Chemist: 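Following this message is one structure expressed as structure tokens.
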Amino acid sequence: MVSVIIPVYNAEKYLAQAIDSVLSQTYTDWELILVDDGSTDSSGNICDEACSKDSRITVYHISNGGLSCARNLGLDNAAGDFIFFLDADDILPSIAIETFLLFSKECDIVSSPLKHFKDSKIPPDKCVASSLRNYTLSSIEALENILYQKNIDNSACGKLFSSNIWKGMCFRVGTGYEDLDIISSLFLKANRVAILEIPLYYYRQHPESYVHTFSLRRADVLDVTQRLTDYIAERCPQLLPAARSRQLSANFNILGLIAANRKFIIGEDRGKADKIADSCWNKIKELRGESLRNPSVRLKNKIGIILSYIGGRPFFQTVSKHFYK
């Protein structure tokens, strides 16, 4: 059985579509765990209505504790041999779970790319399992791809996990970028990882989503990537250059976002933002030389490094703010 976990917070506009996409799966041995994380709109009622119509659906209503709390509750109550995370504003093609399972033999994780879409352009449900190209990697090879931001993203969504690798694991509560925070530990617990080359997870892009809005909480990624680098240094030192490349990406990103959104940062947050930006620049100077010499580092980072050398911080911030909005 596959346990599908959907954390729900004020998702009334999209939630029914997410639930319907699970109900429409060609593979039917699943349970759907809906965790209503203190929603103040009609999301809780939508959850209850779905539960009343299908015995495979369970609903938990909790006070708002954030995405990590909701997912952790789902994990605590999951009975399946496999775990799958679906966000409340995303959807699955009907053959998704069946196909993930098809490639799960001898692999603890099966990963598919995320297909981005907008409300008005929901992708057609035309996937055919036999047409999917795939390959397998060792856990270290797969994690290296994630850290270098090549082929495999760091999202917990779009991946089928063996429930065994979640034993003793949970999402960190109170931080943003919780997927990146835990993904290294999960992948290093896996035996092998199957990589599908065709998207089986449809990721909705809309203005209210976390990655499309700016607040200083986005800077949580700096702490996350520092912890990730420390963890890799201790547990898998051969991947340390990859982890430091990912840390460099995070500092480029936040410095650019602060530059792009500075006019909207007011009051005490202005001073906080300046300190964060200073920290980012110092970390960039620390990491850029090593990453410039590393042939595996992605082109976007190489361009950022060159820009940082050419004109220093003012020039980099002026240029980067056009890319990070």
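It should be emphasised that the depicted structure is a prediction, and the values quoted were computed from it without experimental measurement.
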Chemist: Going through the checks in order, is the side-chain contact (heavy atoms from CB on, under 4.5 Å) test met by Leu287 and Phe252?
Modeler: CA-CA 11 Å; Leu287 298 175; Phe252 275 148; over 6 Å; no

Chemist: Give the minimum heavy-atom separation between Tyr202 and Asp90, together with the two atoms involved.
Modeler: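 Shortest heavy-atom contact: O-CB, 3.2 Å.
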
Chemist: Are any side-chain N or O atoms of Asp181 and backbone N or O atoms of Val224, one a donor and one an acceptor, separated by less than 3.5 Å?
Modeler: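 No, the answer is negative, given that no donor and acceptor are paired below the 3.5 Å cut-off.
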
Chemist: Closer than 4.0 angstrom, basic N to acidic O: yes or no for Asp278 and Lys275?
Modeler: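 So Asp278 does not pair with Lys275 through a salt bridge.
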
Chemist: Going through the checks in order, is the salt bridge (charged side-chain N to carboxylate O under 4.0 Å, His left out) test met by Asp108 and Lys189?
Modeler: CA-CA 8 Å; Asp108 284 323; Lys189 289 182 70 175; over 6 Å; no

Chemist: Would a hydrophobic clustering, with Ile, Leu, Val, Met, Phe, Trp and Tyr connected at side-chain separations under 4.5 Å, put Leu239 with Val297?
Modeler: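 Unlinked, Leu239 and Val297 end up in two clusters.
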
Chemist: Can you tell me if CD on Glu106 sees more than 12 non-hydrogen neighbours from other groups inside 6.0 Å?
Modeler: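 At most 12 heavy atoms, drawn from other residues, nucleotides or ligands, come within 6.0 Å of this atom.
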
Chemist: When the aromatic ring centroids of Phe171 and Phe85 are compared, is their separation below 6.0 Å?
Modeler: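 Phe171 vs Phe85: aromatic centres under 6.0 Å.
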
Chemist: Return yes if a side-chain donor-acceptor contact under 3.5 Å exists between Ser43 and Glu12, otherwise no.
Modeler: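 Their side chains do not contain a donor-acceptor pair, so the 3.5 Å distance test is not met.
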
Chemist: Looking at Glu49, I want to see if its CD is surrounded by more than 12 non-hydrogen atoms of other residues, nucleotides or ligands under 6.0 Å.
Modeler: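 No - once you tally the heavy atoms of other residues, nucleotides and ligands closer than 6.0 Å, there are 12 at most.
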
Chemist: Hydrophobic cluster membership, with links at side-chain heavy-atom distances under 4.5 Å among I/L/V/M/F/W/Y: are Met1 and Leu101 in one?
Modeler: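 No, no single cluster joins them.
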
Chemist: Using side chain to side chain contact (heavy atoms under 4.5 Å, CB included) as the criterion, point out the one residue from Asp153, Ile83, Leu196 that pairs with Lys159.
Modeler: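 Output: one option passes, namely Asp153.
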
Chemist: Step by step, would you call Trp166 with Phe84 a ring pair (Phe, Tyr, Trp, His ring centres under 6.0 Å)?
Modeler: CA-CA 11 Å; Trp166 279 97; Phe84 191 90; over 10 Å; no

Chemist: Hydrogens and angles aside, do Asn151 and Asn145 bring a side-chain donor and acceptor to less than 3.5 Å of each other?
Modeler: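 Indeed, the side chains of Asn151 and Asn145 share at least one donor-acceptor pair under 3.5 Å.
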
Chemist: Rounded at 0.5 Å granularity, tell me how far OH in Tyr60 sits from CG in Asp76.
Modeler: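 With rounding to 0.5 Å, OH (Tyr60) is 9.5 Å from CG (Asp76).
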
Chemist: How long is the span from the OG atom in Ser3 to the CD1 atom in Ile33, to the nearest 0.5 Å?
Modeler: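 Answer for the OG-CD1 pair, Ser3 versus Ile33, is 5.0 Å.
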
Chemist: Can you see whether Gln149 engages Ser249 through a side-chain donor-acceptor pair at a distance of less than 3.5 angstrom?
Modeler: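 Yes, side-chain donor-acceptor contact under 3.5 Å.
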
Chemist: If we ignore angles and hydrogens, is there a donor and acceptor under 3.5 Å between the side chains of Tyr9 and Asn64?
Modeler: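 Looking only at side-chain atoms, Asn64 and Tyr9 do not form any donor-acceptor pair under 3.5 Å.
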
Chemist: With distance as the sole criterion, is a donor-acceptor pair present between the side chains of Gln226 and Asp230 under 3.5 Å?
Modeler: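 Result is yes, a qualifying pair exists.
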
Chemist: For the CG atom of Leu180 and the CD1 atom of Ile183, what is their distance to the nearest 0.5 Å?
Modeler: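 So the gap between those two atoms works out to 8.5 Å.
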
Chemist: Thr229 and Gln247: side-chain donor and acceptor closer than 3.5 Å?
Modeler: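 On atom types as modelled, these side chains qualify, holding a pair under 3.5 Å.
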
Chemist: Within the structure provided, determine whether Ile182 and Arg172 are in side-chain contact (heavy-atom separation under 4.5 Å).
Modeler: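 No, side chains not in contact.
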
Chemist: Go through Thr99 and Val110 one step at a time and tell me if the side-chain contact (heavy atoms from CB on, under 4.5 Å) criterion holds.
Modeler: CA-CA 10 Å; Thr99 308; Val110 183; over 6 Å; no

Chemist: Indicate yes or no for a side-chain donor-acceptor contact from Asn261 to the backbone of Leu257 under 3.5 Å, with no hydrogens or angles considered.
Modeler: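 Side chain of Asn261 to backbone of Leu257, a donor-acceptor pair under 3.5 Å: yes, one is there.
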
Chemist: Checking Asn10 against Thr40: is there a side-chain donor and acceptor pair closer than 3.5 Å?
Modeler: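 The answer is yes; a qualifying pair exists.
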
Chemist: Can you check whether Asp54 reaches Leu23 side chain to side chain, under 4.5 Å on heavy atoms?
Modeler: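 Sidechains of Leu23 and Asp54: in contact.
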
Chemist: Return the minimal non-hydrogen interatomic distance between Ser162 and Phe82, and the atom names on each side.
Modeler: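 It is CA-CD2, 4.0 Å.
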
Chemist: Honestly curious: do Ile109 and Tyr135 fall in one hydrophobic cluster under the side-chain, below-4.5 Å linking rule?
Modeler: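 Yes: a chain of side-chain contacts under 4.5 Å links Ile109 to Tyr135.
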
Chemist: If you take all heavy atoms of Leu114 and Cys157, which pair is closest and at what distance?
Modeler: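 Closest pair (atom of Leu114, atom of Cys157, distance): CD2-O, 3.8 Å.
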
Chemist: Please check this pair: side chain of Ser138 against backbone of Glu141, looking for a donor-acceptor N/O pair closer than 3.5 Å.
Modeler: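 Side chain of Ser138 to backbone of Glu141: a pair is present.
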
Chemist: If you draw the axis of the six-membered ring of Tyr309, does the NZ or CZ of Arg288 fall within 45° of it and under 6.0 Å from the ring centre?
Modeler: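 Yes - Arg288 lies over the ring of Tyr309, closer than 6.0 Å to its centre and within 45° of its axis.
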
Chemist: Say whether Ile266 and Leu216 are linked into one hydrophobic cluster, either directly or through other cluster members, by side-chain heavy-atom distances under 4.5 angstrom.
Modeler: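 Ile266 does not cluster with Leu216.
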
Chemist: What distance do Leu240 atom CG and Ser245 atom OG have between them, rounded to the nearest 0.5 Å?
Modeler: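 One finds 11.0 Å between CG of Leu240 and OG of Ser245.
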
Chemist: Please find the pair of heavy atoms, one from Ile258 and one from Ala277, that lie closest to each other, and give the distance.
Modeler: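 Result for this residue pair: CD1-N, 4.1 Å.
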
Chemist: If we ignore hydrogens and angles and just use 3.5 Å, is the side chain of Arg56 paired with the main-chain N or O of Thr28 as donor and acceptor?
Modeler: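 Present.
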
Chemist: Indicate the atoms forming the closest heavy-atom contact of Ala88 with Pro7, along with that distance.
Modeler: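 Closest heavy-atom pair between Ala88 and Pro7: CB-O, 3.6 Å.
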
Chemist: Give a yes or no on whether a salt bridge exists between Arg71 and Asp37, defined as a side-chain N under 4.0 angstrom from a carboxylate O.
Modeler: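 Between Asp37 and Arg71 there is no salt bridge, as every charged N stays at least 4.0 Å from the carboxylate O atoms.
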
Chemist: Is there a donor-acceptor contact under 3.5 Å linking the side chains of Asp36 and Ser39?
Modeler: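 Asp36 vs Ser39: donor-acceptor pair found between side chains.
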
Chemist: Look at the side chain of Asp87 and the backbone N and O of Asp89, then say whether any donor-acceptor pair between them is shorter than 3.5 Å.
Modeler: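 No; zero donor-acceptor contacts below 3.5 Å.
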
Chemist: Quick one about Asp48 and His61 (side-chain donor to acceptor, distance below 3.5 Å, no hydrogens or angles considered), yes or no?
Modeler: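 Side-chain D/A pair, His61 to Asp48: present.
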
Chemist: Counting C-beta onward and ignoring hydrogens, is there a side-chain heavy-atom pair between Ile19 and Ile46 closer than 4.5 Å?
Modeler: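 Side chain of Ile19 against side chain of Ile46, heavy atoms only: contact under 4.5 Å found.
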
Chemist: Taking the side chain as everything from C-beta on, heavy atoms only, tell me whether Asp220 gets closer than 4.5 Å to Arg217.
Modeler: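 A side-chain contact under 4.5 Å exists here.
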
Chemist: I'd like to know whether CD1 of Ile310 has more than 12 heavy-atom contacts from other residues, nucleotides or ligands below 6.0 angstrom.
Modeler: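 Atom CD1 in Ile310 is packed in, count exceeds 12.
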
Chemist: Can Leu15 be reached from Leu67 by stepping across I, L, V, M, F, W or Y side chains whose heavy atoms are under 4.5 Å apart?
Modeler: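 No.
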
Chemist: Got a donor-acceptor contact below 3.5 angstrom from the Ser112 side chain to the Ile198 backbone?
Modeler: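 Answer holds: yes.
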
Chemist: Taking side chain as C-beta onward, heavy atoms only, is Pro241 less than 4.5 Å from Tyr148?
Modeler: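 Yes, their side chains come closer than 4.5 Å.
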
Chemist: Are the side chains of Arg235 and Ser185 in touch, meaning some heavy atoms are under 4.5 Å apart?
Modeler: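 Of all side-chain heavy-atom pairs linking Ser185 with Arg235, none is under 4.5 Å.
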
Chemist: Which is it for Lys272 and Asp269 under the side-chain contact (heavy atoms from CB on, under 4.5 Å) test, yes or no, and what are the steps along the way?
Modeler: CA-CA 5 Å; Lys272 293 177 183 177; Asp269 283 347; 3.8 Å; yes

Chemist: Can you tell me how far CD1 of Ile284 sits from CD of Glu286, rounded to the nearest 0.5 angstrom?
Modeler: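 So the gap between those two atoms works out to 11.0 Å.
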
Chemist: Is any side-chain heavy atom of Arg246 closer than 4.5 Å to one of Asn154?
Modeler: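 Yes; the side chains approach each other to less than 4.5 Å.
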
Chemist: Just by modelled atom types, is the Ile97 backbone N or O under 3.5 Å from a matching donor or acceptor in the Gln25 side chain?
Modeler: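 Side chain of Gln25 to backbone of Ile97: a pair is present.
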
Chemist: Give a yes or no on whether Lys115 atom NZ has more than 12 heavy-atom contacts from other residues, nucleotides or ligands under 6.0 Å away.
Modeler: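 No, because the 6.0 Å sphere around NZ of Lys115 holds 12 heavy atoms or fewer from other groups.
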
Chemist: Is it true that Arg244 and Glu290 make a salt bridge, defined as a side-chain N closer than 4.0 Å to a carboxylate O?
Modeler: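 A salt bridge links Arg244 with Glu290.
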
Chemist: Could you grab the distance from atom CG of Leu92 to atom CD of Gln17, nearest 0.5 Å is fine?
Modeler: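 Result: 12.0 Å between the selected atoms.
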
Chemist: Quick check: closest heavy atoms across Leu188 and Cys236, and the distance to 0.1 Å?
Modeler: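 Leu188 and Cys236 have their closest heavy atoms at CD1-CB, 4.2 Å.
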
Chemist: Any heavy-atom pair between the side chains of Thr58 and Asn77 that's under 4.5 Å?
Modeler: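 They are not in side-chain contact.
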
